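Data block below; observations after.
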There are 4 protein chains.
Amino acid sequence: MTPVQRSEASRQAILNAAIELVDEVGYAKLSIEGIASRAGVGKQTIYRWWPSKGAVLFDAVLDRSEPEGATALPDTGDLAADLKLVLRATVDEFNDPRQDRLLRALALEIARDPQLAELYRERLDGPMHERKKARLKSAGLHESIDLDVAVELIWSPLAQRWLNHGALTHAFADAVVDTALRGLQHD
Amino acid sequence: MTPVQRSEASRQAILNAAIELVDEVGYAKLSIEGIASRAGVGKQTIYRWWPSKGAVLFDAVLDRSEPEGATALPDTGDLAADLKLVLRATVDEFNDPRQDRLLRALALEIARDPQLAELYRERLDGPMHERKKARLKSAGLHESIDLDVAVELIWSPLAQRWLNHGALTHAFADAVVDTALRGLQHD
Amino acid sequence: MTPVQRSEASRQAILNAAIELVDEVGYAKLSIEGIASRAGVGKQTIYRWWPSKGAVLFDAVLDRSEPEGATALPDTGDLAADLKLVLRATVDEFNDPRQDRLLRALALEIARDPQLAELYRERLDGPMHERKKARLKSAGLHESIDLDVAVELIWSPLAQRWLNHGALTHAFADAVVDTALRGLQHD
Amino acid sequence: MTPVQRSEASRQAILNAAIELVDEVGYAKLSIEGIASRAGVGKQTIYRWWPSKGAVLFDAVLDRSEPEGATALPDTGDLAADLKLVLRATVDEFNDPRQDRLLRALALEIARDPQLAELYRERLDGPMHERKKARLKSAGLHESIDLDVAVELIWSPLAQRWLNHGALTHAFADAVVDTALRGLQHD
DNA sequence: ACGTAAGCGAGACGGTACGTCATGTCTTATA
DNA sequence: TATAAGACATGACGTACCGTCTCGCTTACGT
């Protein structure tokens with residue numbers, strides 16, 4: 001199962017090249033040939049190990065994010081404040097052109113390829129989703145609330161607005177948190 | 001400004017071909033050459049009038065959806081019920097493979113191209129967004145609630161889950177509505 | 001039938017590039033990509049008009065040889081002397097590295113591809129063969145002699161020795177002529 | 001000098017595979033990878049012992065033809081009849097598709113590679129050439145005749161016509177013999 | 001009414017990238 | 001130490017589209 005002779009040097013060169021090129025030329029102009037050439041690698045070495053350029057990019061992001069990705073969400077006891085902190089950070093990330101390019105490329109590829117989406121859920125989104133649920137749970141929400149739905153209620157508006165090139169501000173992040181926590185119909 | 005001699009027959013043939021081809025071969029394999037050939041049209045006729053294949057597709061969708069798109073949202077007085085009705089219909093739409101392919105192609109192109117996103121906001125999403133706000137407003141929500149945020153709170157989770165190839169069910173639609181209306185922190 | 005829009009400039013550039021490259025890198029390393037790149041032409045333009053690199057080379061040789069190829073063989077009345085003159089010239093041609101490379105490439109391609117051989121017979125070898133027969137006929141050979149066979153008897157030894165990288169000298173050319181004219185069994 | 005541990009089984013498998021594959025896919029599509037795979041052998045084992053695929057093929061032909069190749073030419077006392085017999089057999093060989101493919105591959109490789117040509121002369125063509133000369137000598141030709149030239153006069157037309165995909169018949173073989181023996185200028 | 005300019009279908013053009021194949025070198029594990 | 005297996009960098013293959021261009025043809029205007 002595990003390849004015997006696979007070159008780790010080539011693998012790293014390919015992942016680096018992919019990330020650099022997405023940043024430099026954008027995802028639309030990212031090509032296998034470009035990655036191979038930048039990485040000093042034969043095209044076949046890419047085709048041997050990855051089924052698509054999306055998969056390469058995914059692996060690249062995965063490879064670079066795993067160490068830091070394990071951190072839990074802040075828990076100061078003030079749910080609203082903690083969520084606003086996190087969502088504002090996300091807003092900043094989306095507003096950083098380099099991050100934007102990389103994340104958008106990834107998101108597009110996932111939206112296009114169900115297999116990649118599955119992999120994404122398993123390896124990146126799933127664990128993060130669990131951490132989000134854990135944070136909500138520790139806030140002691142009413143037990144009738146479905147935490148999966150709650151998480152999506154809070155995080156989707158940001159993602160959606162980002163994908164549609166809408167304006168992303170801290171104020172919007174705050175408003176989402178406030179509205180979600182309070183609900184639309186309250187007395 | 002307005003083209004004098006533009007052939008409406010060619011325009012229609014192109015838009016038809018685009019929609020058919022997205023359905024048949026998927027957006028990734030949609031090509032200008034393919035559209036031109038299917039439509040029995042010279043490539044130049046496409047390049048003359050549209051800047052990108054995304055724009056063609058967008059026009060095609062626009063052209064076909066405008067008549068029906070103008071309808072208002074249901075307003076029976078029961079906000080939760082009305083929203084569930086609408087969201088369930090959206091779920092069904094996303095779950096229909098033909099609709100899925102077309103809408104996904106459109107969404108991807110909008111996510112990729114800010115200009116198209118702008119056009120989308122102006123022509124399709126904006127008006128719909130206004131209708132959604134109007135429905136919420138008629139429900140007499142607390143005045144402190146930002147209706148733009150409220151709309152995104154309700155509609156984003158569906159769109160987001162759809163893009164990520166998550167399971168879309170009526171139950172999920174219902175849960176989103178209930179959770180959003182009630183809020184996470186209630187007594 | 002005749003292409004309306006074919007670019008004569010591209011055609012010439014391709015034929016030139018082919019001839020230059022055969023001379024520079026040899027036929028084995030001649031590639032369509034190389035020709036296209038040297039000619040400043042898209043690969044498709046070559047594939048559009050020629051079925052193989054052999055066909056390109058053939059056309060190139062044809063294009064350059066047609067004007068001069070029409071000349072008749074010398075006829076001084078002395079058959080032996082005339083033939084020796086021509087065969088010695090052929091020997092010189094084969095011994096010139098540039099000519100050798102081009103002609104060998106052509107000969108190999110013809111030996112490999114029956115269709116090309118047919119074309120070769122029609123366009124280049126056939127007319128030349130007729131001129132050779134005409135020269136022999138004017139010498140007043142015995143009427144029982146098959147001129148086609150006679151021509152091959154005289155010209156094949158040179159070609160064969162050349163293909164097999166044997167030594168090609170004027171003496172050999174002379175000996176072939178003498179032996180062929182006199183015959184092996186004479187009194 | 002002699003390899004100590006060379007595997008004779010692999011050698012035979014490689015030569016077999018080469019001959020089979022030339023027959024099946026033709027020389028143009030013959031590849032080292034194909035031979036190795038068909039022979040169940042590592043590519044390196046081929047590269048270790050042969051400099052080119054032409055050399056492999058050459059060895060294969062050599063290996064299979066040496067036993068029978070040693071036979072002398074017929075000598076019934078009637079030179080013309082004996083030569084016709086031999087040349088007709090050659091015609092038949094060239095007209096047999098399996099033989100044609102193999103011999104043509106070999107001839108092309110020899111025409112392309114002077115080193116191989118040298119080897120060919122030493123190992124296959126040289127001995128056969130001597131036998132041809134011996135047969136002519138025994139016929140008591142005039143002493144002024146160069147036997148090397150005489151041999152080429154008789155055998156080249158067949159080979160040349162074959163390479164150029166001309167029609168090869170027994171009649172042609174007979175005509176070549178008659179014309180060569182009689183000579184073009186006779187009384 | 002008629003020439004002229006536009007839009008049109010067709011498709012050639014110089015390019016880029018695709019995904020595949022074979023090259024010849026190399027490394028690993030087996031016998 | 002030769003071998004079977006196969007990864008590797010390289011480079012060519014033949015195909016698909018890109019976006020631009022040039023061809024004749026048709027069609028509608030403006031004189």
Side-chain angles (χ1 to χ4, degrees), chain A residues 3-11 13-14 28-37 39-49 51-53, chain B residues 3-11 13-14 29-37 39-53, chain C residues 3-11 13-14 28-37 39-49 51-53, chain D residues 3-11 13-14 29-37 39-53:
Chain A
V4 200
Q5 270 194 74
R6 176 158 192 187
S7 156
E8 181 59 20
S10 293
R11 183 173 174 274
I14 288 163
K29 296 204 169 176
L30 181 65
S31 67
I32 300 274
E33 299 224 320
I35 297 173
S37 148
V41 134
K43 278 199 289 178
Q44 205 56 46
T45 301
I46 299 183
Y47 284 110
R48 203 174 351 253
W49 303 112
S52 67
K53 70 178 177 176
Chain B
V4 200
Q5 281 195 53
R6 177 162 191 183
S7 156
E8 181 59 19
S10 292
R11 184 174 173 272
I14 288 163
K29 297 202 168 176
L30 182 66
S31 67
I32 300 273
E33 300 223 320
I35 297 173
S37 149
V41 137
K43 283 201 290 177
Q44 205 53 250
T45 302
I46 301 184
Y47 284 109
R48 211 184 333 262
W49 302 112
W50 290 275
S52 68
K53 72 177 175 176
Chain C
V4 199
Q5 269 195 74
R6 177 158 192 187
S7 156
E8 181 59 19
S10 292
R11 184 173 173 273
I14 288 164
K29 297 204 168 174
L30 181 66
S31 68
I32 300 273
E33 298 222 321
I35 296 173
S37 148
V41 137
K43 279 200 290 177
Q44 206 55 43
T45 301
I46 300 183
Y47 284 110
R48 201 170 358 247
W49 303 110
S52 68
K53 69 177 177 175
Chain D
V4 201
Q5 281 195 52
R6 177 161 191 186
S7 156
E8 181 58 18
S10 291
R11 182 171 175 276
I14 288 164
K29 296 203 169 175
L30 181 66
S31 68
I32 300 274
E33 301 224 319
I35 296 173
S37 148
V41 137
K43 283 200 293 175
Q44 205 52 249
T45 302
I46 300 182
Y47 283 110
R48 210 181 338 259
W49 304 110
W50 289 275
S52 69
K53 71 176 176 177

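Convention: sequence-line order gives letters A, B, ...; per-chain numbering from 1. Remember, predicted model here, so these are calculated numbers, not experimental data.
The side chain of A:Thr45 lies closest to F:dC8, out of E:dA6, E:dA12, F:dC8. Out of E:dC13, F:dT3, E:dT27, the shortest distance to the side chain of C:Ser10 is found at E:dC13. Of the listed nucleotides (F:dG6, F:dT3, E:dA12), E:dA12 has the atom at the smallest distance from the side chain of C:Trp49.
Considering only residues two or more places apart in sequence or on other chains, D:Gln44 meets the side-chain hydrogen bond (donor to acceptor under 3.5 Å, both in side chains) condition with none of them. Partners of C:Ser7 according to the side-chain hydrogen bond (donor to acceptor under 3.5 Å, both in side chains) rule, which considers only residues two or more places apart in sequence or in another chain, are C:Ser10. For A:Ala39, the side chain to side chain contact (heavy atoms under 4.5 Å, CB included) partners at least two apart in sequence or on another chain are A:Ala13, A:Ile14, A:Ala17, A:Val41.
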Residues 29-36 of chain B, side-chain donor-acceptor partners within the protein, below 3.5 Å, at least two apart:
| unit_1 | atom_1 | unit_2 | atom_2 | d |
| --- | --- | --- | --- | --- |
| B:Ser31 | OG | B:Gly34 | N | 2.9 |
| B:Glu33 | OE2 | B:Lys43 | NZ | 2.7 |

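Between the CD1 atom of B:Ile46 and the P atom of F:dC17 there is a distance of 13 Å, given to the nearest Å. Spacing between atom CD of D:Glu8 and atom P of F:dT3 amounts to 11 Å, rounded to whole angstrom units. Atoms CD1 (D:Ile14) and P (F:dA4) sit 7 Å apart, rounded to a whole Å. Summarising the geometry, the separation between CZ on C:Arg11 and P on E:dG14 is reported as 14 Å, rounded to the nearest angstrom. Atom P of nucleotide E:dC26 and atom CD of A:Gln5 are separated by 13 Å, given to the nearest angstrom.
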I'd like a table of atom pairs between the protein and nucleotides 22-24 of chain E - only N or O on both sides, under 3.5 Å - with the distance next to each one.
| unit_1 | atom_1 | unit_2 | atom_2 | d |
| --- | --- | --- | --- | --- |
| E:dT23 | OP1 | D:Ile32 | N | 3.0 |
| E:dT23 | OP2 | D:Ile32 | N | 3.1 |
| E:dT23 | OP2 | D:Glu33 | N | 3.0 |
| E:dG24 | OP2 | D:Tyr47 | OH | 2.8 |
| E:dG24 | N7 | D:Lys43 | NZ | 3.2 |
| E:dG24 | O6 | D:Lys43 | NZ | 2.6 |

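Taking the ring axis of B:Trp49 as reference, the NZ or CZ atom of B:Arg11 does not stay both within 45° of it and closer than 6.0 Å to the ring centre.
Where D:Ala39 and A:Val41 meet DNA chain F, the nucleotide closest to each residue was compared, and D:Ala39 sits on the side nearer the 5' end.
Between the two ends of the helix from E:dA1-F:dT31 to E:dA31-F:dT1, each summarised by a five-pair axis, the helix axis turns through 10° (rounded to 10 degrees).
Listed pair A:Arg48 / F:dC8 meets the phosphate criterion, a side-chain N or O lying under 4.0 Å from OP1 or OP2.
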